[in-house]
Amino acid sequence: MVSQLNPQQLAAVTTLDCPLLVLAGAGSGKTRVITEKIAYLVKHGTPAKHIAALTFTNKAAREMKSRVGKLLSDKDLRGLTVSTFHSLGLEILREEHAALGLKKNISIFDEHDRLALTKELIKHGSESWDIDEAESYIWRIGRWKNLFVTPERAILEGQGDAQPAAQLYAEYVRHMKSYNAVDFDDLILLPVLLFHEHAEVLDKWRNRIRYLLVDEYQDTNLTQYELVKLLTGKLGRFTVVGDDDQSIYAWRGAQPENLAQLQRDFPRLKVIKLEQNYRSTGRILKVANKLIANNPHVFEKRLWSALGYGDPLRVLTHKEEVAEARQVASDLLHHKFRHGTRFQDYAILYRSNHQSRLFERALREHAIPYFISGGMSFFGYAEIKDIMAYLRLLVNPDDDAAFLRVVNVPRREIGPTTLEKLGAYANRRHISLFSACFELGLQQSLGETAIQRLRHFAEWITDVADRAQRGDTFAVIDDFIVKIGYENWLRENSNSEDAARRKMGQVRELIDWLKRIAKEDEKEKSLTEVVSRIMLLDVLERNQEENAGDRVNLMTLHAAKGLEFPYVYLVGMEENLLPHQTSIEENTIEEERRLAYVGITRAQKHLTLSYCTHRKRHGEIMDCEPSRFLNELPEEELEWPERRALDPEQKKERAMDSFAAVRSLLNRS
DNA sequence: TTATCCAAGATTTTT
DNA sequence: TCTTGGATAA
């Protein structure tokens, strides 16, 4: 099986004596290299329990697990870690919580909880904080966490305008700790801090993970890189696989520079390039190479293919966005019938989610089945958040975010004023809202009825948590959802009976999902484990099952990374859309170019690009220019009838050409 | 405490 | 244009 690898892939798999960076171009078989390498390691004396492979998404981890499963026996696989960075972080935190001063029942705060906490802190805190800046403070705090900067350092080193955020950061950390909660960034940051401070703990983990593989390495941030360095130590027993041309998450803190940094930190680093592409035709790769050549590169790379040259790429021009959607839909349908393909062979890719609506409508008009990935997160639904908050509260009653979310849902006549006073009291005493409910001192700030209501709620939570702990956890959960009359509450708060039914369906789906997670793997999981596990999962896992069936794929370019389709439509190729307007303003064109590159390299056989000359934006019809990226593609590979001379240079060339043509005609006669 | 209206803002979103 | 959230009135 190893013999089927090409020479570069083989070298990547068998190189064990030095740290290794694999620069894997799009479609060059990087997942294959990682999975084969895990098998190779096991067969050459490293037990699976000492190997860890890290990915960014649960989906990638799942895929990798299943592929390794085909290469190794169950016995050989035992103890292998294939997980996301965040899951590994959670595992470390759970095992080492004591060293960090945390309790075992850790809550995970999502974006929403984070915002709620921040706003709460701003309201009760220093004058220098501005509630309207909440989002930007959060962004800054996240930045610091990703750059491995502690509050102390942020305060010391922060420039004047960063000071309020730095102060808030310190306060935020303090509160999170008292809630026994962590956010997504903490799942990486806290293990790193722990390893820095406790050499013996680090040793333990280094001994456990003796070989580390990292997928999509270009997407790591500084803290994640620090974690990799700590775990692998000076020996650098690792293989990281990445592609700087597919770095599209810099806006989320990813540092593609980590690729180059590796060479400086590990002088013995070996670099192997995978340049043979097994996905696309030669022509598609030529176009992609040409486009990405406009970006600066630390490592030069040139993809090639043995799959034949293929058809020219088409560029479709449309008058406006509705026409674009309709033409793409009918073009797709014609193509399907002419070539006898399946709907699932097609993908429509766009820059931003709102573009999907038009395509949905057009596909429906043509009775074409479709499937949208991404968009609304499962955890974006209020009913899911409510139930999750209840579950979190059962696991960890000190989780204030969860407490606030559900204390009055359904209505328990505990209004904002009561909560405000309770919050102020809890804040003074440095305790959670839940604990505050039981304190005698509360009588000074709150009336008797309010206190009674709060206590009643808190006691009820304690009681349910107790029962869930002792008895059949899920029976208790089913029971409390009925008990609180959640279904009725949904009915009262929905526009229609239909909507209420749908929402209740979602809740049931969540509970079923929880049950499934509790039972997966050999050992039964505790509610704590299930709840934190589910906080790290999202839409994708759910969509996984729904995606069955022969349907056209609709998704953003970000969501398309890692996927491939025989026929791809890359739509909305216009200035201000791709590249996105804000990217133009902030001058982050290179990342937009990579985004276009990712889109192009998804196509196996045929790629159609499309743009509009006019588009309605925020209700107003605007003129659109074709994307600069279209002009960067080699003209001879495109079928673009409407191509107009777009930049002055080309206009000049064009003019010269026709001038020459006329002259040669004249000369002939 | 809840319903309703109006203004503002509108990328991408692995966990 | 459409959604969301804040302010206001009942």
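These numbers come from a predicted model, not from an experiment. First the proteins, then the strands, lettered A, B, ... as listed; each starts at 1.
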### Task
Please determine if Lys229(A) forms a cation-pi arrangement with Tyr225(A), meaning its NZ or CZ atom is less than 6.0 Å from the six-membered ring centre and no more than 45° off the ring axis.
yes

### Message
Ala165(A): which residues meet the side chain to side chain contact (heavy atoms under 4.5 Å, CB included) condition with it, sequence neighbours left out?
### Response
Tyr137(A), Arg140(A), Trp144(A)

### Query
For Arg326(A), does the CZ atom sit with more than 12 other heavy atoms under 6.0 Å from it, leaving out its own atoms?
no

### Query
More than 12 heavy atoms of other residues, nucleotides or ligands under 6.0 Å from CD of Glu413(A): is that the case?
no

Using whole Å, what does the distance between atom [atom2] of nucleotide [N] and atom [atom1] of [X] come to?
| X | N | atom1 | atom2 | value |
| --- | --- | --- | --- | --- |
| Glu420(A) | dT1(B) | CD | P | 13 Å |
| Asn146(A) | dT15(B) | CG | C1' | 11 Å |
| Ile108(A) | dT15(B) | CD1 | P | 12 Å |
| Leu93(A) | dT15(B) | CG | P | 17 Å |
| Leu536(A) | dT15(B) | CG | C1' | 6 Å |
| His86(A) | dT15(B) | NE2 | P | 9 Å |
| Glu321(A) | dT1(C) | CD | P | 12 Å |
| Lys59(A) | dT15(B) | NZ | P | 10 Å |

Under 3.5 Å, side chain of [X] to main-chain N/O of [Y], donor-acceptor pair present?
| X | Y | value |
| --- | --- | --- |
| Asn221(A) | Gln255(A) | no |
| Gln581(A) | Leu577(A) | no |
| Thr223(A) | Asn146(A) | yes |
| Thr84(A) | Ser87(A) | yes |

### Task
For Ile248(A) and for Asp185(A), find the nucleotide of DNA chain B with the closest heavy atom, then tell me which residue's nucleotide is more 5'.
Ile248(A)

Could you pull out the protein-nucleic contacts involving nucleotides 2-10 of chain C (nitrogen or oxygen on both sides, under 3.5 Å)?
none

### Task
Could you work out the separation of dT11(B) and dG6(C) based on their C1' atoms and round it to a whole Å?
24 Å

### Query
Which is true for Asp219(A) with a 4.0 Å heavy-atom rule: it touches a base, it touches only sugar-phosphate, or it touches nothing?
base

### Query
Does the side-chain ring of Trp251(A) lie flat on the base of dT12(B), meaning centres under 5.5 Å and planes less than 30 degrees apart?
yes

### Task
Check whether the side chains of Asn105(A) and Thr528(A) place a donor and an acceptor atom closer than 3.5 Å, and report yes or no.
no

Check: protein-nucleotides 5-11 of chain B nitrogen or oxygen pairs below 3.5 Å:
unit_1: dT11(B); atom_1: O4'; unit_2: His580(A); atom_2: NE2; d: 3.0
unit_1: dT11(B); atom_1: O2; unit_2: Arg351(A); atom_2: NH1; d: 3.2
unit_1: dT11(B); atom_1: O2; unit_2: Arg351(A); atom_2: NH2; d: 2.6
unit_1: dT11(B); atom_1: N3; unit_2: Thr582(A); atom_2: OG1; d: 3.2
unit_1: dT11(B); atom_1: O4; unit_2: Thr582(A); atom_2: OG1; d: 3.4

### Task
Report yes if a side-chain nitrogen or oxygen of Arg252(A) is closer than 4.0 Å to either non-bridging phosphate oxygen (OP1 or OP2) of dT15(B); otherwise report no.
no

